[in-house]
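What follows is a short report on a single structure.
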Amino acid sequence: MAVETHDPHINARSAHARSTADGPRPVHGLFQSLNNFLATFVAIVHTRLELLTTELQEEVRQVGAILLWAFVAAFAAMMGLFLVALAVIFVFWDTHRLAASVAMVGMFIVVAVVAGLILRHKLVTKPPLLDDTLAELARDRDQLKARL
């Protein structure tokens with residue numbers, strides 16, 4: 001039979017000894033679970049942000065290279081077409097210079113229309129920006145829904 005004293009310090013110590021002997025307190029377990037959840041959440045967000053920045057860097061490099069080579073190709077093509085147009089006009093200078101000039105203008109217009117149609121097709125069929133990041137986030141969302 002236990003002897004109870006009226007000393008509050010002894011009763012508090014014995015109550016503490018009983019609670020620690022029974023196992024971990026539920027409040028401590030809850031905080032540990034929340035801490036683990038937050039650590040996991042931060043790790044997931046960190047990984048996704050790393051993927052996002054990597055994809056953005058790759059996209060910027062690709063766009064820069066595409067723009068540079070597009071400019072070089074367009075400049076070279078325009079210079080070539082201009083010189084061809086001058087050559088055709090010079091060949092027909094004495095006989096049909098007006099017809100040769102109109103034909104060269106028409107050729108430039110056709111080239112511009114075809115290039116515009118190709119550009120529009122490329123823009124329509126281009127994969128969306130950050131496609132891998134969005135797919136990874138969708139997988140994360142599906143996994144979280146499955147767990148809940």
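Computed over heavy atoms, backbone and side chain alike; hydrogens, waters and symmetry mates excluded.
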Hydrophobic clustering (ILVMFWY, side-chain heavy atoms < 4.5 Å, transitive) - are [Y] and [X] grouped together?
| X | Y | answer |
| --- | --- | --- |
| Val88 | Val105 | no |
| Val102 | Leu86 | no |
| Leu119 | Ile66 | no |

> Rounded to the nearest 0.5 Å, how far does CD of Glu55 lie from CG of Leu52?
Replying inline: 7.0 Å
>> Measuring from atom CG of Leu34 to atom CZ of Phe41, what distance do you get when rounded to the nearest 0.5 angstrom?
In response: 13.5 Å
> Mind checking whether His96 and Phe92 have parallel, tilted or perpendicular rings, split at 30° and 60°?
Replying inline: tilted
> With sequence neighbours excluded, what pairs up with Arg61 under the side-chain hydrogen bond (donor to acceptor under 3.5 Å, both in side chains) test?
Replying inline: none
> Taking it one step at a time, do Glu59 and Val63 satisfy side-chain contact (heavy atoms from CB on, under 4.5 Å)?
Replying inline: CA-CA 6 Å; Glu59 190 72 22; Val63 167; 4.0 Å; yes
For [X] versus [Y], what's the shortest heavy-atom pair and its separation?
| X | Y | answer |
| --- | --- | --- |
| Phe82 | Phe108 | N-CZ, 3.7 Å |
| Ser101 | Ile89 | OG-CD1, 3.6 Å |
| Leu81 | Met107 | CD2-CE, 3.8 Å |

>> Side chains of Thr54 and Glu58, heavy atoms from C-beta outward: is any pair under 4.5 Å?
In response: yes
> Which residues pass the side chain to side chain contact (heavy atoms under 4.5 Å, CB included) test with Val60, sequence neighbours left out?
Replying inline: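 If we apply the side chain to side chain contact (heavy atoms under 4.5 Å, CB included) test to Val60, skipping adjacent residues, there are no hits.
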> So Leu51 and Thr47, side-chain contact (heavy atoms from CB on, under 4.5 Å) or not? Walk me through it.
Replying inline: CA-CA 6 Å; Leu51 179 62; Thr47 302; 5.8 Å; no
